[in-house]
> 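Sharing a structure below in structure tokens format, with a few things to ask.
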Amino acid sequence: MATKIQAVKGTREFYPEQMALRNFINDKVRAASESFGYTEWDAPFIEPIALYAAKSGEELVKKQSFVFTDRGGDEVTLRPELTPSLARMIAAKQGELTFPVRWWSFGPFWRYEQPQKGRAREFFQWNIDLLGADSSEADAELIAVAATFLRSVGLDPARAAIFVNDRRLMISQFDALSIPPEKRIEVSNLVDRRSKMEESKWDASALELGLTQSQLDGLKSILGNYDLWKESAELVRLFAALDVLGVKEYVKFDPNIVRGLLYYTGTVFEAFDVSGSVRRAILGGGRYDNLLADVGGQPLPAVGFAMGDVVIGIILQEAGLVPEFSPSPASVLVTVFDDSLRLQSLALTTELRRAGINAMVYPEPAKLPKQFKFADKMKMKVAVTIGPDEAANGQVAVKSLRTGEQVIVTREAAVGTIQKILA
RNA sequence: GCGGCUGUAGCUCAAUGGCAGAGCGCCACACUGUGGAUGUGGAUGUUGUGGGUUCGAAACCCAUCAGCCGCCCCA
């Protein structure tokens, strides 16, 4: 008995309809990236686990990686993120690359997580980074790329928004409250969780962390102050740049955005669907000026972000923004009337292909209703028939499946007639 | 890794311990040279999987797998 082997937990099978969505996202990602002058690149899909041990955080390495020992005895993992590979590849050619470097990538990643809506163990991720510039305008450019993508897929500012903050600003505010430097990470993590917790519980956690009541009050007033960006020279410059980049309506300052990753040093941002059912970030990123030096390269400022395909895919489907799926890339079906005429149908199909038309021929003689039903289900636009009458007169029957109109034309005029219908 | 909910026809779901069903879809025919509409007929299945309780289990119990929700983490 054949045993059914299931797909691995947390993976997705891409039937043609899902593949079309993946390609749609990929196409828009490419267009947004290239419109700002970014070049496509990629890294290996398997990497030494040690690559992530340095900077990615224990959670990611110990609990969320697909680790295994290869036949040579080396510990390797399916890549859980791209940035460490980027840092290595940049560092290796730091002397010969032309900076600033603008690179983007769209490829598969794996994380051993509990799968649920918006989260899979195997997913595709867009990464885009600008290395070698530390200006607010560089930060603004990445945010503008993100906004350009959101706009290009049809998500308007009422539906999707990018929230921005700056870690430098938050640190100066923490300092003003006399929050000790060693508590910054814990306080940041607490800020990160605030939107998911009840206020009283959140207050209690803050006090448990060792904050005084007046520090807590001060922190809450910071997190409620949406004009705080005016105190940051960097953010003032950033918003001025976003204005002339034409994406200001997508971007809002939010002091509650801090992001979990350790390596961010300045601007941080996250995009959310503000009206749908998915409560997860669409994309997230920021400035990470220390990473290159941390992996052994020369110090190099950098800014970038990443977007997974799962959340954006759900949002696009919910919003009805996915283009209608076309079951076949062929727009023309050539029917096969009977056994004696099948070669004529094959020959005509070949002619259509040589004229640049995607065309398929029914693979065997069958009742015409069956063949027409097939063409209809495949959403093809034209059905062509060569029956005994047409064959005897050197003609073909060309039917537009959209209008239902059929014309009999000479064999020589067939290609031109079909081209006219498809135009 | 932890806690909860769910799993029945291709899909959406019904059947609360007593013969496993409906709608949609699918196939055939009406229609031997033409799709969408309509009508008539037909097939759906190891009730996720394995065990247990019971005269009898889709239902109750245990285990396991998967999906979903939450925690953790994050794209």
> For the side chain of A:Q116, counting heavy atoms from C-beta on, which of B:G1, B:A75, B:G70 is nearest?
B:G70
> Could you tell me how far apart A:R193 (CZ) and B:G70 (C1') are, to the nearest whole angstrom?
15 Å
> Nearest-Å distance, CG (A:D273) to P (B:A75)?
18 Å
> Against A:K28, only a single residue in A:V153, A:N23, A:L150 fulfils side-chain contact (heavy atoms from CB on, under 4.5 Å); can you say which?
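Considering A:V153, A:N23, A:L150, a side-chain contact (heavy atoms from CB on, under 4.5 Å) with A:K28 is found only for A:V153.
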> Side chain of A:R167, backbone of A:Y264: donor and acceptor closer than 3.5 Å?
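Checked: pair present.
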> Atom CD of A:E113 to atom P of B:A66: distance rounded to whole Å?
16 Å
> More than 12 foreign heavy atoms under 6.0 Å from CD of A:E405: is that the case here?
no
> Do A:Q344 and A:L346 make a side-chain contact, defined as non-hydrogen atoms from C-beta onward lying under 4.5 Å apart?
no
> Strictly by Watson-Crick or wobble contacts shorter than 3.5 Å, is anything paired with B:G3, and which nucleotide is it?
B:C69
> If B:G41 has a Watson-Crick or G-U wobble mate with both distances under 3.5 Å, name it; if not, just say none.
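Base partner found: B:C27.
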> Could you please name the option among B:G1, B:A75, B:C68 that lies closest to any side-chain atom of A:R111?
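The listed nucleotide nearest to A:R111's side chain is B:A75.
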> Can you confirm whether or not the ring centre of A:F163 sits under 6.0 Å from the ring centre of A:F269?
no
> Is there a Watson-Crick or G-U wobble partner for B:A14 with both distances under 3.5 Å, and if so, which one is it?
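The base-pairing partner of B:A14, which may sit in any strand shown, does not exist here.
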> Check the angle between the aromatic planes of A:F124 and A:F106 and answer parallel, tilted or perpendicular using the 30° and 60° thresholds.
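The arrangement is parallel - the two ring planes meet at less than 30°.
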> Any donor-acceptor pair under 3.5 Å joining the side chain of A:R280 to the base of B:A75?
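Check fails, no donor-acceptor contact within cut-off.
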> Could you tell me the separation between the CD1 atom of A:I25 and the C1' atom of B:A75, rounded to a whole number of Å?
12 Å
> Could you walk me through whether A:W126 and A:F149 pass the ring-ring contact (aromatic ring centres under 6.0 Å, His included) check?
CA-CA 11 Å; A:W126 175 26; A:F149 170 82; 5.3 Å; yes
> Identify the nucleotide, in any strand shown, that forms a Watson-Crick or G-U wobble pair with B:C19, with both distances under 3.5 Å; if there is none, say none.
none
> Starting at the 5' end of nucleotides 32-42 of chain B, put B wherever the base has a protein heavy atom under 4.0 Å, S where only the sugar-phosphate does, and a dash everywhere else.
-BBBB------
> Could you check whether A:G313 gets within reach of a base, just the sugar-phosphate, or nothing at all, counting any heavy atom under 4.0 Å?
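No contact at all - A:G313 keeps every heavy atom at 4.0 Å or more from the nucleic acid.
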> Let me know the distance between CD of A:E17 and C1' of B:C11, rounded to the nearest Å.
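For the pair A:E17 CD and B:C11 C1', the rounded distance is 13 Å.
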> Hunt down the Watson-Crick or G-U wobble partner of B:U49, both distances under 3.5 Å, from any strand shown, or write none.
B:A63
> For A:E13 and B:A66, what is the distance between atoms CD and C1' respectively, to the nearest whole Å?
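The distance from CD of A:E13 to C1' of B:A66 comes to 12 Å, rounded to the nearest Å.
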> Describe the nucleic acid contact of A:I312 in one word from base, sugar-phosphate, nothing, applying a heavy-atom distance below 4.0 Å.
nothing
> How close or far is atom P of B:A75 from atom CG of A:L316, stated in whole angstroms?
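Rounded to the whole Å, the gap is 19 Å.
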> Just call it for A:A375: base, sugar-phosphate, or nothing, with non-hydrogen atoms closer than 4.0 Å on any strand.
nothing
> Check the distance between B:A75's P and A:Q125's CD and give it to me in whole angstrom.
7 Å
> According to the Watson-Crick and G-U wobble definitions, with both distances under 3.5 Å, which nucleotide is paired to B:A75?
none
